[in-house]
Structure formats: C-alpha cells, structure tokens
Amino acid sequence: MDPELLERITARRAELDELEERLAKQLAEVRAEQDEPAVAERVLERMSEQLADERAFVAPAPGQVGGRAVMLIPHRTPDMEDTTLPPDYQRILAAVRQAAGPVMDRQVGDALGIDVSVRSKLEPKLVRLVDRGWLRKQLDAVTSAPRCRYRTAGLSNERCDWGGWLVAGG
C-alpha cells in the first residue's frame, strides 16, 4: 500500500477518534444537564409538600359562628384593611400607630385604659396580632431582653440593628 495513503488514513482515523472523544464529552454534559431539571423538580415537589404540611400544622383553626367556619383575626395580606378585625383589635392597632415609634404593651394598655400590671387580656391579643402579621415584635433595644415592643407590620422580614427579628407583615 502507498505510504502517503496510509498516512492520510491514519491522520483521518486520529481526527475521527478526537471528534468521538469531544462528542462523547458533549453528550455526557448534555445528559448531566438534562438530569438537573428533573432533580430540581423533585426537590421543589418535596419542599412544596413540606411547606404545605407545615402551613397546615401551624395554621390556626377557625372558629365557628352561625355554623360557618370563620377566623376572627385573619392573617394579614397586602390588600386587607384593618376593618376586617374586631373593634378591640382595631383600637390596639390605632394605639400602636399613634405612637411615635415602637411601644411596649404597657403603653398600649395605657392608651386603651387597660391595666397591664398583671397579666391582662391585652398580651394574648398583641401576640395574636403579631402571629397573624398585623403587628411586628422587636426585642428591647437596650437590654435585648424578651420584653417586646410592638410596631405596625411592614411588608418584609427585616432584621433589627440589635438582633431581634421583626415579624413579617402584610
């Protein structure tokens, strides 16, 4: 056989081997990339199920009024007005809003004429308003003690300068 022809065949075979390696590598990359969305979908599915379970577990049970299920203090949404709350809760929100800044439960009680020197009916209402996103709670800025100040809720989860978390609001 002609040595020049043999050399061309060998060179072409080397080119084809190199092309095969590149294509095999590309194919492996494509297959790996095809697997990524499937994995992401499975993770998303699991997380969605977990969140749904958590929300179902945490969501307060509505009360019964006239045979219908109602929640007296609904979770706040951006389009929800204060008028959806019972009047005493509306007064609490108004007292907090009238303050120049964060207020203590004692200040809210004073504004409403409620004695808070002993555990009163005000604290559970404040807690309920925080839990449902109508108010947010801040740790005491001076002592970082569990005594809390209340503010009307904003739309974001913010972090206080002193390390207390603000509750997400609507």
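As the structure is a prediction and not an experimental result, all values here were calculated from the model. Residue numbers count from 1 along this sequence.
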Compare every heavy atom of [Y] with every heavy atom of [X], then report the nearest pair and how far apart it is.
X	Y	answer
Ile73	Arg128	CG1-CD, 3.6 Å
Leu85	Gln90	O-NE2, 2.6 Å
Trp134	Arg76	CE3-CD, 3.5 Å

Does the side chain of [Y] come within less than 4.5 Å of [X]'s, by heavy atoms?
X	Y	answer
Val130	Arg136	no
Pro74	Met80	yes
Arg97	Asp82	yes

How long is the gap from [atom1] on [X] to [atom2] on [Y], to the nearest 0.5 Å?
X	Y	atom1	atom2	result
Leu19	Gln26	CG	CD	9.0 Å
Leu16	Ile9	CG	CD1	11.5 Å
Leu27	Lys25	CG	NZ	13.0 Å
Leu44	Arg42	CG	CZ	12.0 Å

Practice task
Kindly check if the number of other-residue, nucleotide or ligand heavy atoms within 6.0 Å of CD (Glu20) is above 12?
Solution key: no
Practice task
Return yes when atom CD of Glu15 has more than 12 non-hydrogen atoms of other residues, nucleotides or ligands closer than 6.0 Å, and no otherwise.
Solution key: yes
Handout entry: Salt-bridge present (Arg22, Glu18; N to O < 4.0 Å)
Key = yes
Exercise for the section: Take Asp88 and Leu112 through the side-chain contact (heavy atoms from CB on, under 4.5 Å) test and state the conclusion after the steps. Expected result: CA-CA 9 Å; Asp88 51 340; Leu112 298 173; over 6 Å; no
